[in-house]
Amino acid sequence: MQPIQSLDDFFTRSGADVSLFHMGRRVTPCPRETLRAFESGDQAWPEPWQHQARLGIVFRLGDMPEPAIWFLALPLDEQGMLSPAQRDGFINRLLETLGRNVATVGTKALERKQTADVDHLMKDNPLAFTPDITFQAMLNARATFALGLPASQHLEPVEAYFSNQQAIDWQALGLQGVADYVVRMETTEADALALRLTTLPTGVVHSLCYCLEHQTFSEALVSALVSRGEIAAQEGDIETLSACIRAVGSANETHAGEWYSSLLEDKAASGPDVLAAIAGRGWQYLEDGQRLPLFLQRLAEDKRTDFAAVVRDIALIPRLRLPVMMALRDASPGSAIQQRLANMLPRT
């Protein structure tokens, strides 16, 4: 029998029931095929974050009473491919903990001690990381929904609040309830929410936006978020503006891309927070022949930005790598982009 050389090998051979989720730029399902191709060196990681492939793994081995959750950040090289050393070390530790005969894992041979050991593998693990609270809430919401499990107890008051059926102090709403609501939200609910968006307290809007950025939703809600973002811009509320920009990043709607373009065309409106929101959550809209060069131009013009770090970050995204390189190459001589690139060159 061939030795286990990858995480995908381990889960396949153990017979684990496993669900994978991207945990870098947003929380979305990750097909097993993506992990398999990544670990075999056939493709770069599609959604890198801080030079890592961040992954949430929800799985059940054998008679485990509850699924285990691992949060792993796999290091990437300059091409966005796996740097395997730490992954290999983790697999060796995994096999030493559970026993080399992983074919028995997933059968009654998996004792309670081994089940506990699975959880302990994350302690002192260089690959382990702790997602922020919104990412944790969204993962829990997605996992329970995908597995057909009940939502948290926090969903009901959130539903009552957003449907305006009950007077509830918004400060009593739980973030997990908002995440559960967003994941389970139908188009009719999204459209109804759009009508209420301008009247919601700022704190509710922020929590809602930080969950919506992981989800696609209706055109009506996209339009409402754009309107709320424009109001925030006029009032100088950069936090709410950035939250709205992030929220529409996964919406896959033309209106969102057009809004990004209008923000980038206005030099005064495209400060560091706006640029960071677009790069971090709305990177898909940068796959545009006009929008990407304009984004890079604004990024270069604003001396408060870390031009090199942002360029390296978005260039690691496979779909943006070539467009970014071409846009940098085609920048006009003497432009802000060229000046920033010159500063990135090593001094002699």
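The model shown is predicted, which means the values in this text are computed figures rather than measured ones. Residue numbers count from 1 along this sequence.
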To check you understand the geometry: which heavy-atom pair defines the closest contact between R291 and E258, and what is its length?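 Of all heavy-atom pairs spanning R291 and E258, the closest is NH2-N, 4.1 Å.
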
Using a 3.5 Å cut-off and no angle test, enumerate the donor-acceptor pairs between side-chain atoms of residues 293-302 and protein atoms at least two apart in sequence or in another chain.
| unit_1 | atom_1 | unit_2 | atom_2 | d |
| --- | --- | --- | --- | --- |
| Q297 | NE2 | E301 | OE2 | 3.0 |
| R298 | NE | L264 | O | 2.6 |
| R298 | NH1 | E301 | OE1 | 2.8 |
| R298 | NH2 | L264 | O | 3.3 |
| R298 | NH2 | E265 | O | 3.2 |
| D302 | OD1 | R304 | N | 2.9 |
| D302 | OD1 | R304 | NE | 2.9 |
| D302 | OD2 | R304 | NE | 3.4 |
| D302 | OD2 | R304 | NH2 | 2.7 |

With under 30° as parallel and over 60° as perpendicular, where do the rings of H214 and F135 fit, or are they tilted in between?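 Taking F135 first and then H214, their aromatic rings stand perpendicular (interplane angle over 60°).
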
For Y260 and Y285, take the angle between the two ring planes, folded into 0 to 90°, and tell me which bin it lands in: parallel under 30, tilted 30 to 60, perpendicular over 60. perpendicular

Ring-face cation of R281 near W49 (centre distance under 6.0 Å, axis angle within 45°):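 Yes, a cation-pi geometry holds between R281 and W49.
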
Are [X] and [Y] connected in the hydrophobic side-chain network, where two residues link if heavy atoms are under 4.5 Å apart?
X: L200; Y: L195; result: no
X: L175; Y: L139; result: no
X: F217; Y: I245; result: yes

Could you check if a side-chain atom of Q79 sits within less than 4.5 angstrom of a side-chain atom of L316, using non-hydrogen atoms only?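 No, too far: nothing below the 4.5 Å cut-off.
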
Which distance, rounded to the nearest 0.5 Å, do you find between the CG of D8 and the OG1 of T34? 10.5 Å

Please find out if less than 6.0 Å separates the ring center of W170 from that of F162. no

The complete set of salt bridge (charged side-chain N to carboxylate O under 4.0 Å, His left out) pairs with one or both residues in residues 172-193, sequence neighbours excluded, reads D180-R184

